[in-house]
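Values in this document were obtained by computation on a predicted structure and should not be read as measured data.
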Number of protein chains: 2
Amino acid sequence: MEDKKFTVRAAERALDILLCFTEKREWSLTEIAQHTGLNKSTVYRLLVTLEGKGFLRRNPETEKYRLGFRIWELSANLSQSDDPAVLFLPEMERLRDELEETVSLYIRDGMERVRIQAVESHQTIRRVAPIGDRMPLTVGASSKVLVAYAPPETQEIILNDPSWPETIDRERYRKQLEEIRRRGYATSMEEREAGASAVAAPVFNRLGEIIAALAVSGPVGRLTEEKMEAFAPRIIEAAQRMGKMVKGGAAVR
Amino acid sequence: MEDKKFTVRAAERALDILLCFTEKREWSLTEIAQHTGLNKSTVYRLLVTLEGKGFLRRNPETEKYRLGFRIWELSANLSQSDDPAVLFLPEMERLRDELEETVSLYIRDGMERVRIQAVESHQTIRRVAPIGDRMPLTVGASSKVLVAYAPPETQEIILNDPSWPETIDRERYRKQLEEIRRRGYATSMEEREAGASAVAAPVFNRLGEIIAALAVSGPVGRLTEEKMEAFAPRIIEAAQRMGKMVKGGAAVR
DNA sequence: AATTGAATTTCAACCAGTGAAACCGGAGGA
DNA sequence: TCCTCCGGTTTCACTGGTTGAAATTCAATT
């Protein structure tokens with residue numbers, strides 16, 4: 001998207017067509033043409049090319065296109081680094097470069113959350129985020145996301161844990177979680193740390209289980225409420241893409 | 001390869017580059033250029049394109065290219081039909097159309113082999129191959145392949161099974177198996193059925209275990225010894241491609 | 001400092017890729 | 001039956017995207 005300088009248009013278009021298949025299993029020529037905004041002829045030729053190389057195949061019944069066996073062949077060669085900490089890194093870097101703020105990835109471990117991956121903003125004033133850091137589940141945007149999307153039973157266990165502060169009003173808290181689920185993301189301002197705000201969104205696996213929280217954090221001065229609201233869709237989008245990268249339905253840890 | 005008429009060259013080249021990654025995990029620009037025979041500049045631009053779209057990513061340490069997260073996203077949308085009988089069908093059809101003879105897929109079940117998938121030649125005189133058929137492991141090209149590549153212990157059990165004919169000279173038979181492993185395929189002429197010949201090659205999973213035998217069979221008149229020798233490389237190639245499509249290292253049945 | 005090897009960028013030429021429009025063929029309706 | 005519609009396929013002329021060679025940068029080695 002940035003440096004269009006040294007790219008090959010025809011190849012880009014072919015890849016765009018392939019990417020349609022992350023959204024829907026089957027596409028007809030016309031559907032793809034509409035969705036991508038390309039000319040029918042162009043799409044046709046690219047489809048012939050993709051089919052010829054085995055990246056797509058036609059469903060004989062519906063006449064529509066589906067992904068072909070080459071994708072299997074390729075994905076088989078990926079199966080090593082299933083580790084989200086490695087797997088998600090490029091996507092996190094992308095997000096960091098887009099928003100210019102520190103990006104962290106958290107998972108829940110009992111009554112704590114752990115930062116399993118992070119990429120820091122390039123700005124001189126920035127959120128520093130050491131990997132491996134552990135924080136209580138009671139505060140922070142990521143914590144709220146991790147709790148909000150935890151399965152109900154787990155949520156009950158968490159809320160009834162002896163370590164859970166009595167000072168937190170359970171009813172108000174539940175309302176907050178509901179609100180987070182409604183919006184799809186959580187924010188926090190100087191909740192865990194003075195001067196720091198954060199926006200966090202859930203990463204789901206294919207079964208819809210939360211496997212991690214993706215957070216963007218920075219100084220309150222820069223990460224204002226408007227800013228966070230504006231960032232939220234981008235973070236949610238990145239988190240969704242990350243979720244799609246996870247094989248099977250395995251939850252993390 | 002056949003109808004080059006309506007394909008887009010630039011897209012084809014991009015896909016060729018992607019396909020390199022079925023053979024090796026990491027490639028440098030120069031390696032790809034040599035392997036594909038394309039100009040370095042061309043490869044460079046296509047790599048930039050592929051990386052920009054997330055189909056490739058660079059290993060920061062080695063500076064080389066690897067497959068990117070988009071492949072995950074796509075393969076996630078495939079994860080239904082893991083069944084080789086379904087999975088291999090397109091490849092088998094391809095082979096059938098290329099050789100114009102009946103193609104069968106066998107797995108070993110104890111002392112028998114079972115045809116779990118088949119596509120028949122279009123010719124009027126052809127090998128008819130009902131799916132589900134069971135045959136003894138003692139005769140036929142596919143049987144020999146299934147035995148030749150079975151793990152040593154399994155092989156011993158098979159050869160010592162009471163159902164194994166005493167008339168077969170163990171020493172000669174072992175020599176035959178060795179020869180098959182050396183060549184990578186097996187043939188048979190009127191061994192199991194009068195008038196029928198067959199060529200078979202092994203399908204391995206990623207761990208190198210045999211999971212099936214891919215066989216091409218037809219009338220001895222058409223499937224002469226020369227013909228079978230000529231077909232063998234194509235069958236082996238198809239079997240290899242099929243093997244690469246299998247997720248994980250799981251053996252079939 | 002010089003040398004190698006690899007990735008990146010420039011550049012001019014040309015042909016591959018493009019969109020518009022024509023064509024085809026089957027499904028469905030009058 | 002004929003007609004129309006609507007996808008997919010093919011043709012065609014134009015042009016600008018793609019290409020290879022060569023120059024350039026950059027880092028690692030000697």
Side-chain angles (χ1 to χ4, degrees), chain A residues 1-21 23-68 90 93 97, chain B residues 1-21 23-68 90 93 97:
Chain A
M1 303 287 157
E2 305 96 79
D3 18 320
K4 292 189 174 181
K5 224 170 183 179
F6 288 98
T7 58
V8 178
R9 192 179 57 165
E12 261 188 329
R13 290 174 165 184
L15 298 178
D16 283 337
I17 288 179
L18 269 185
L19 288 180
C20 290
F21 292 84
E23 298 172 33
K24 193 147 61 84
R25 221 165 239 295
E26 286 201 340
W27 295 78
S28 71
L29 188 153
T30 314
E31 287 173 331
I32 293 176
Q34 284 170 348
H35 188 261
T36 56
L38 296 171
N39 185 289
K40 266 206 306 177
S41 313
T42 306
V43 174
Y44 175 69
R45 287 183 296 254
L46 290 171
L47 284 175
V48 170
T49 309
L50 286 163
E51 190 186 6
K53 290 279 174 192
F55 284 79
L56 293 180
R57 77 189 211 83
R58 307 187 76 156
N59 184 342
E61 298 173 25
T62 61
E63 287 277 281
K64 294 186 173 186
Y65 289 88
R66 286 168 161 261
L67 289 175
E93 283 168 348
D97 294 339
Chain B
M1 303 285 160
E2 305 95 79
D3 17 321
K4 291 189 173 180
K5 225 170 182 178
F6 288 100
T7 58
V8 178
R9 193 178 57 165
E12 262 190 326
R13 290 174 165 183
L15 299 178
D16 282 336
I17 289 178
L18 269 185
L19 288 180
C20 290
F21 292 85
E23 299 173 31
K24 193 147 62 84
R25 212 166 251 295
E26 286 200 341
W27 294 79
S28 70
L29 188 154
T30 315
E31 286 173 331
I32 293 176
Q34 283 171 347
H35 188 261
T36 56
L38 296 172
N39 185 289
K40 270 206 303 179
S41 313
T42 307
V43 174
Y44 174 70
R45 287 182 296 254
L46 289 172
L47 284 175
V48 170
T49 309
L50 286 162
E51 190 186 6
K53 289 281 174 190
F55 283 79
L56 293 180
R57 77 189 207 81
R58 309 186 75 156
N59 183 342
E61 298 173 23
T62 62
E63 287 276 282
K64 293 186 174 187
Y65 290 88
R66 287 167 162 262
L67 289 175
E93 282 168 349
D97 294 340

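When the P atom of C:dG17 is taken as reference, atom CD of A:Glu12 falls 15 Å away, rounded to whole Å. Computed from coordinates, the A:Leu46 CG to C:dG19 P distance equals 10 Å when rounded to whole Å. Taking atom CZ of residue B:Arg45 and atom P of nucleotide C:dA16, one finds them 15 Å apart after rounding to whole Å. At whole-Å resolution of the value, OH in A:Tyr65 and P in D:dG7 are 15 Å apart. Regarding A:Tyr44, its OH atom lies at a distance of 17 Å from the C1' atom of C:dA20, rounded to whole Å. Rounded to whole Å, atom C1' of D:dT19 lies 13 Å from atom CZ of A:Phe6. Atom-to-atom, CG of A:Leu50 to P of C:dG17 comes out at 13 Å; the value is rounded to the nearest Å. Separating the CH2 atom of B:Trp27 from the C1' atom of C:dA7 is a distance of 18 Å, rounded to the nearest angstrom.
Using a 4.5 Å heavy-atom cutoff, the side chains of A:Thr36 and A:Arg13 are not in contact. A 4.5 Å side-chain heavy-atom check between B:Leu56 and B:Arg66 finds every atom pair outside the cut-off.
The base of D:dT10 sits within donor-acceptor range of the side chain of A:Ser41, with an N or O pair under 3.5 Å.
Nearest-nucleotide positions on DNA chain C place B:Ser28 closer to the 5' end than the other of A:Asn39 and B:Ser28. When each of A:Leu29 and A:Val8 is assigned the nucleotide of DNA chain D bearing its nearest heavy atom, the one mapping closer to the 5' terminus is A:Leu29. The residue among A:Lys40 and A:Arg9 whose nearest nucleotide of DNA chain D is located toward the 5' end is A:Lys40.
Here C:dT8 is the nucleotide among D:dT11, C:dG17, C:dT8 with the atom lying nearest to any side-chain atom of B:Arg58. Here the side chain of A:Thr42 is nearest to one of D:dT18, C:dG19, C:dT10, namely C:dG19.
Residue B:Phe55 is tested with B:Leu15, B:Leu67, B:Leu18, B:Leu47 for a side chain to side chain contact (heavy atoms under 4.5 Å, CB included); the sole match is B:Leu18.
Note on A:Thr30: only backbone sugar-phosphate atoms sit closer than 4.0 angstrom, heavy atoms only; bases stay farther off.
Here CD of B:Gln34 is found 10.5 Å from CG of B:Leu29. Values are rounded to the nearest 0.5 Å.
Sorted pairs that involve residues 42-51 of chain B and meet salt bridge (charged side-chain N to carboxylate O under 4.0 Å, His left out), not counting sequence neighbours, are lacking altogether.
Between A:Arg13 and the phosphate of C:dT18, there is a side-chain N or O to OP1/OP2 separation shorter than 4.0 Å.
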